Structures are given as structure tokens and as C-alpha cells.
Amino acid sequence: MKNFLKNNGLWVLFAAAVIAVALALMSVFSNTSSPLTNLANTIASPFRSAYTAVAEWFNDKQKYYQDYTGLEEENARLRQQIASMEAEIRQARDDSAENERLKELLGLQEERPDLTEDIVLATITEHAVTNWAATLTISRGTNDGLEVGDCVIDETGALVGTISAVGTNWATILTLVDTDTSLGAQVFRTGDLGVAQGDFSLMGENRLRLDYLPADCDLLGGDLVVTSGLGGFFPAGLVIGSVEELQMDDSGASSYAILAPAVDFSSLQQVVVIRSFDASN
């Protein structure tokens with residue numbers, strides 16, 4: 001035995017070491033996995049990491065798309081709500097303006113019953129100002145009893161003009177500043193009489209003239225000018241406008257005034273057509 005160990009001792013120790021290492025390896029692999037499984041997992045691990053990264057990226061993009069789509073839908077709903085609210089605000093403003101016009105018309109009816117016994121309310125559908133004419137078109141006509149020559153005012157009683165043409169459901173208003181306009185006028189403060197008429201050189205500035213005034217008339221800027229009622233074509237006392245400046249004509253025998261109409265034709269939306277009136281008032 002001693003000879004055997006003496007002659008083969010190194011081999012015995014080597015065999016023991018090999019057995020010990022094998023046992024150790026078997027112990028490790030038995031606690032984890034088989035060598036082939038471990039090798040396969042080691043090779044697949046980078047691919048698993050790449051797949052996980054791709055899957056996470058795809059999930060992130062999908063979540064971003066879902067969030068973006070949700071935001072777009074929410075923005076569309078908000079835009080619809082804003083549009084609806086804006087429409088309600090516009091309607092409220094229109095209703096408020098309509099109420100104000102009705103209040104003014106009611107006040108006019110109380111102050112001038114001679115003007116409002118036979119009237120027609122009309123909406124303006126077109127404003128036309130050219131080098132040759134200044135007219136308005138309204139949505140009323142012969143179906144409503146309108147006739148050429150009817151007087152047209154606004155809700156406050158200020159003169160707009162006269163009807164110059166009429167159809168079944170429309171009519172054209174010749175405004176104060178049109179060159180074909182001519183009517184008797186009176187300066188409210190002084191009582192001076194004259195003729196208010198359109199002037200070609202002033203029409204583009206939305207102005208008209210007050211002609212045939214006495215040479216010694218004492219007009220001031222801002223003086224109110226109203227219809228005189230002479231001739232019975234217009235009711236008396238309708239506001240035409242106010243004096244801007246007084247000038248002498250070329251002969252020096254009389255003076256004339258530049259008038260600014262009381263009505264802003266460009267912003268006018270509704271008018272009152274006087275179909276008949278009591279000329280005695």
C-alpha cells in the first residue's frame with residue numbers, strides 16, 4: 001500500500017482534484033441550469049435585451065400616438081365649444097343691438113306719433129356708393145305697400161333719404177348725400193331756411209350742402225339742421241345733420257353750409273319707411 005501511494009500518489013491527488021472540480025461544477029450547474037441551457041441563454045441574452053428595447057420603444061410610440069390622438073380629439077371638441085360660444089356671443093350682441101333699436105323706435109313712436117302710425121321696418125341688404133350715386137337697398141317692396149318717394153328714417157328719427165325705385169320685395173333708397181337729393185331744410189337755432197342737396201364734390205366725403213341761405217345768416221359749427229316740411233314732401237323736424245362750416249358762393253350774394261349727415265350710412269342696418277304722415281304737424 002505504501003508502495004502504491006509512493007508510486008502513484010501524484011496520480012491519486014490529480015484524480016481527487018479532478019473529481020473535486022467536477023463535483024464543484026456539478027454543484028454549480030445543479031443550482032442553475034444545464035450547460036447547454038446556460039450556453040443557449042448566454043447567446044440569446046443580447047437578443048432578449050434588443051427585443052425588450054424594441055418592444056419598449058414600440059409601446060412608447062403607441063402610447064404617444066394614443067395621447068396625441070386624444071389631444072387632437074380634445075382640441076377638436078374645444079374648438080367646437082369655442083365656435084359655439086362665439087356664435088352665442090354674436091347672437092347676444094345682435095339681440096342687444098336689436099333691443100336698443102326697438103327701444104329707440106319706441107321712443108320715436110312716443111315723441112312723433114305723426115310719423116309712426118303707418119311705417120314699415122326694413123333691413124338693409126346692400127350699401128352702394130359709387131362716383132355717381134349713393135344708395136341703399138332694403139328687403140321690402142310693393143308687397144309691403146312701399147312707393148317711390150316714401151321718406152326713410154332711422155330708429156332715432158334722423159333722415160336717411162327717399163325711396164327712388166321699388167320692386168316686389170326690394171326697394172332702393174336715395175340717401176341724403178346723393179347728387180339727386182334736394183329738400184327743404186331749416187337751421188334749428190336761427191330758423192334760417194335753405195335747401196339741403198347732394199353735391200358731386202362732397203358725396204365721396206359723405207357730406208352735402210345747405211344752399212340758398214341769407215348772406216347775413218349767423219350759422220355756427222355744430223348747428224342742427226332739420227327738414228322744414230315745406231311742400232309736404234317730407235315731415236317737418238326730421239334731423240338732417242349738423243353744420244360743419246359756412247362758405248360764400250361765387251357771386252357773394254348768398255352763403256352755403258357744408259353739412260355732416262346725422263346718419264352713418266356705412267353702419268346702418270335697419271331703417272324705418274314712412275308710408276304716410278300727417279303733414280299738418
Side-chain angles (χ1 to χ4, degrees), residues 101 104 108 115 122-140 146-166 170-189 192-213 217 219-231 233-250 254-274 277:
R101 285 193 291 268
E104 291 177 341
L108 177 64
L115 302 180
T123 300
I124 294 175
T125 58
E126 182 181 7
H127 296 73
V129 179
T130 68
N131 292 332
W132 309 104
T135 62
L136 304 170
T137 302
I138 57 176
S139 59
R140 301 282 191 168
L146 303 191
E147 298 178 354
V148 171
D150 283 345
C151 179
V152 183
I153 60 176
D154 68 2
E155 297 90 346
T156 67
L159 185 61
V160 175
T162 57
I163 292 182
S164 60
V166 62
W170 61 271
T172 299
I173 300 172
L174 200 67
T175 67
L176 284 175
V177 298
D178 190 275
T179 54
D180 288 334
T181 295
S182 180
L183 66 150
Q186 184 175 31
V187 180
F188 184 78
R189 181 179 62 85
D192 290 323
L193 296 174
V195 176
Q197 54 188 4
D199 182 89
F200 181 78
S201 63
L202 297 174
M203 186 172 62
E205 301 173 10
N206 200 37
R207 297 293 185 266
L208 68 159
R209 287 172 55 133
L210 179 60
D211 283 315
Y212 305 111
L213 292 169
C217 66
L219 269 62
L220 300 174
D223 271 344
L224 191 66
V225 179
V226 299
T227 54
S228 65
L230 297 177
F233 297 105
F234 292 88
L238 297 179
V239 176
I240 296 174
S242 57
V243 173
E244 281 196 339
E245 59 179 300
L246 185 65
Q247 296 185 3
M248 296 295 295
D249 63 12
D250 294 336
S254 63
S255 56
Y256 68 92
I258 307 299
L259 302 183
V263 175
D264 181 3
F265 302 110
S266 63
S267 64
L268 204 58
Q269 296 180 350
Q270 285 187 326
V271 293
V272 180
V273 181
I274 303 174
F277 62 93

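Note that this is a predicted model, so its numbers are computed, not measured. Numbers for residues simply follow the sequence, beginning at 1.
Heavy-atom minimum distance, Ser228 versus Ala236: O-CB, 3.7 Å. Of all the heavy atoms in Pro235 and Thr227, the pair that sits closest is O-OG1, 2.6 Å. Nearest heavy atom pair, residue Pro261 against residue Asn206, reads CD-O, 3.1 Å. A pairwise comparison of heavy atoms in Leu268 and Leu136 identifies CD2-CD1, 4.0 Å as the closest pair.
Sorted by first and then second residue, the pairs that involve residues 237-246 and meet salt bridge (Lys or Arg N to Asp or Glu O under 4.0 Å), not counting sequence neighbours, are Arg207-Glu244.
With rounding to the nearest 0.5 angstrom, the CD1 atom of Ile173 is 6.0 Å from the CD1 atom of Ile163. Separating the CG atom in Leu183 from the OG1 atom in Thr162 is a distance of 8.5 Å, to the nearest 0.5 Å. In this structure, CZ in Phe188 is found 13.0 Å from CD1 in Ile240, a value given to the nearest 0.5 Å. Here the straight-line distance linking atom CZ of Phe234 with atom CD1 of Ile153 works out to 12.0 Å at 0.5 Å rounding. To the nearest 0.5 Å, atoms OG (Ser266) and CD1 (Ile124) are separated by 10.0 Å. Distance check, rounded to the nearest 0.5 Å: OH of Tyr256 to SG of Cys217 gives 12.5 Å.
A donor-acceptor pair is defined here as one N or O able to donate and one able to accept, closer than 3.5 Å; no such pair exists between the side chain of His127 and the backbone of Thr135. In this structure, the side chain of Thr125 engages the main chain of Thr137 through a donor-acceptor pair within 3.5 Å.
Inter-residue side-chain proximity for Ile274 and Asp150 is flagged as unmet; no heavy-atom pair is nearer than 4.5 Å. You'll find the side chain of Val152 stays beyond 4.5 Å of the side chain of Val272, heavy atoms only. The shortest side-chain heavy-atom distance between Val187 and Leu224 does not fall under the 4.5 Å cut-off.
With sequence neighbours excluded, the residues satisfying side-chain hydrogen bond (donor to acceptor under 3.5 Å, both in side chains) with Asp223 are Arg189. Under the side chain to side chain contact (heavy atoms under 4.5 Å, CB included) criterion, Ala257 pairs with Leu210, Leu213, Leu219, Val243, Leu246, Leu259, not counting sequence neighbours.
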Name the atoms and distances for all side-chain donor-acceptor pairs under 3.5 Å in residues 174-181, with sequence neighbours left out.
from   : atom 1 : to     : atom 2 : distance (Å)
Thr175 : OG1    : Ala134 : O      : 2.8
Asp178 : OD1    : Asp180 : N      : 2.9
Asp178 : OD2    : Ala134 : N      : 2.8
Thr181 : OG1    : Thr175 : O      : 2.6

Could you give the side-chain donor-acceptor pairs of residues 192-200 under 3.5 Å, partners two or more places apart or in another chain?
from   : atom 1 : to     : atom 2 : distance (Å)
Asp192 : OD2    : Thr190 : OG1    : 2.9
Gln197 : NE2    : Asp211 : OD2    : 2.4
Asp199 : OD2    : Ser201 : N      : 2.9
Asp199 : OD2    : Ser201 : OG     : 2.3
Asp199 : OD2    : Leu202 : N      : 3.3

Inset, instruction - Step by step, work out the side-chain contact (heavy atoms from CB on, under 4.5 Å) result for Val239 and Leu159. - result: CA-CA 6 Å; Val239 176; Leu159 185 61; over 6 Å; no

